[in-house]
Amino acid sequence: MKERLVCLGIESTAHTFGVGIATTGKTGGRILANVIKQFTTRKGGIIPAEAAEHHVDICDVAITEALAAAAITLKDVDIVSFSQGPGIGNCLRVGAAAARTLSLAHKKPLVGVNHCISHLEIGKLLTAAKDPVLLYVSGANTQVIAFETGKYRIFGETLDIGVGNMLDVFARHIGIGFPGGPRIMRLATAGKRYIELPYVVKGMDVSFGGILTNIKRKYDSGDYRKEDLCYSLQETVFAMLVETAERALAHTGKSELLLGGGVACNTRLQEMCRAMCEERGAKLFVPERQFLVDNGAMIAWLGILEYLKGTRTQVEKSEILPYWRTDEA
Ligand code: AMP
Ligand code: MG
């Protein structure tokens, strides 16, 4: 094994184009750069073709900035990795094309990685978590994942939309803009009254579609303060998430909970997870914000781990996998 391996990783599953650089050697893994470029619109929502156009426009700048931040050149890079899926086809295609080009032009091995698993592995690298259950809560994804008996497994997941999308859609509905999650969090602090909402946990799975319809109707009726609705929405859906995470901890016998995804930036969700972990003697780990949201560093780090396991993605077999499931990786 080479004493020091350097991997450049490209993330482009949705609205973020990220380029990260990770390295490993005798002293373990380290992140050398994590450049994040986000496509946003004032109203929110994501038009796939526009996001992809943003990624094409920004791609060379992001790569150049990442190399500069790591103080290396492409010559120093040993591996090129990219998010192969799951995600939005238009967006994934840009990252894959950029990665293939770097790989072919500079004769570096290519490694396609699973985006959801990278959230778990970056958390293990950057926190003291050794074998955690990951509560992965982002715009499009909501999953409870852990590594058990030789593979990554999904213990629970949303049956419809991701929790972040649900928050964003409600925020847009009540005219507080995008991204919705942080704005709902701010309004919720002024909530005084808990308003009953559907609580939808099925086994270890959750569903948000019905809650969204219900709370939109409540808002439209004019009978409720929006602060109370935001407060109640957070309390309800976060309780659902904490419940499924706790079941996964109990089921697997693991004693570490790791958070990942943009919604994990929410301090109320963190607080509820901490209380649950304390009650059952488990530990909670929350990476810093730049590693919670979609980022290239986690793709670079998983690229190294996969490379060391022997994974090589041939360019002719590097097609994107928009529906790639965590338990098929
Ligand atoms: P990601 O898809 O992982 O990049 O995360 C984006 C999602 O995280 C969006 O749906 C945001 O509304 C959500 N988000 C970001 N910050 C917060 C927060 N403080 N509370 C709740 N959701 C958040
Ligand atoms: Mg993500």
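All values below come from the heavy atoms of this structure, side chains included, with hydrogens, waters and symmetry mates left out. First listed ligand is number 1; within each ligand, the first listed atom is number 1. Since we're looking at a predicted model, the values are computed, not measured.
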I'd like to know if [Y] and [X] are part of one continuous hydrophobic network [Ile/Leu/Val/Met/Phe/Trp/Tyr, side-chain heavy atoms within less than 4.5 Å].
X      : Y      : answer
Leu159 : Ile145 : no
Leu134 : Leu305 : yes
Leu259 : Val133 : yes

- Plane angle bin for Tyr194 and Tyr231 - parallel if under 30°, tilted between 30 and 60°, otherwise perpendicular: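 The arrangement is perpendicular - the two ring planes meet at more than 60°.
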
- Do Met166 and Leu233 pass the side-chain contact (heavy atoms from CB on, under 4.5 Å) test, and can you show the C-alpha distance, the side-chain angles, and the key distance before you say yes or no? CA-CA 10 Å; Met166 189 271 294; Leu233 184 59; 4.1 Å; yes

- Query: Within the stated cut-off of 2.8 Å, is an N/O/S atom of His115 closer than that to the Mg ion (ligand 2)?
  - Reply: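 Yes, since at least one N, O or S atom of His115 sits under 2.8 Å from the Mg ion (ligand 2).
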
- Item | the Mg ion (ligand 2) to nearest N/O/S of Asn141 below 2.8 Å |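 Short answer: no, not a single N, O or S atom is under the cut-off.
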
Looking only at protein heavy atoms, identify the closest one to [atom] and say how far it is in Å.
atom                    : value
atom 5 (O) of ligand 1  : Gly262 CA, 3.2 Å
atom 22 (N) of ligand 1 : Gly181 CA, 3.2 Å
atom 13 (C) of ligand 1 : Val263 CG2, 3.9 Å
atom 20 (N) of ligand 1 : Asn266 ND2, 3.0 Å
atom 6 (C) of ligand 1  : Gly139 N, 4.0 Å
atom 4 (O) of ligand 1  : His15 NE2, 3.5 Å

- Does Arg268 have a non-hydrogen atom less than 4.0 Å from ligand 1?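 Outside the 4.0 Å threshold, so no.
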
- Task: Would you check whether Asp294 reaches within less than 4.0 Å of ligand 1, judged by its heavy atoms?
- Result: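 It does, in that a heavy atom of Asp294 comes within the 4.0 Å cut-off of ligand 1.
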
- Please name the atom of His119, restricted to N, O or S, that is closest to the Mg ion (ligand 2).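 Within His119, restricted to N, O or S, the Mg ion (ligand 2) is closest to atom NE2.
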
- Message: From the N, O or S atoms in Asp294, identify the one nearest to the Mg ion (ligand 2).
- Response: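 So the atom name we want here is OD1.
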
- Could you tell me whether Lys75 atom NZ has more than 12 heavy atoms of other residues or ligands within 6.0 Å of it?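 Open.
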
Does an N or O anywhere in [X] fall below 3.5 Å from an N or O of ligand 1?
X      : result
Asp168 : yes
Val137 : no
Gly261 : no

Exercise: do [X] and [Y] side chains pair donor with acceptor under 3.5 Å:
X      : Y      : answer
Glu306 : Ser81  : no
His173 : Asp220 : yes
Asp294 : His115 : yes
Tyr152 : Glu121 : yes

Closer than 4.0 Å to some heavy atom of [X] - which atoms of ligand 1 meet that?
X      : result
Gly180 : 12 (O)
Met185 : 19 (N)
Gly164 : 10 (O)

- Query: Taking it one step at a time, do Arg274 and Glu278 satisfy salt bridge (Lys or Arg N to Asp or Glu O under 4.0 Å)?
  - Reply: CA-CA 6 Å; Arg274 193 163 292 117; Glu278 267 166 22; 5.5 Å; no

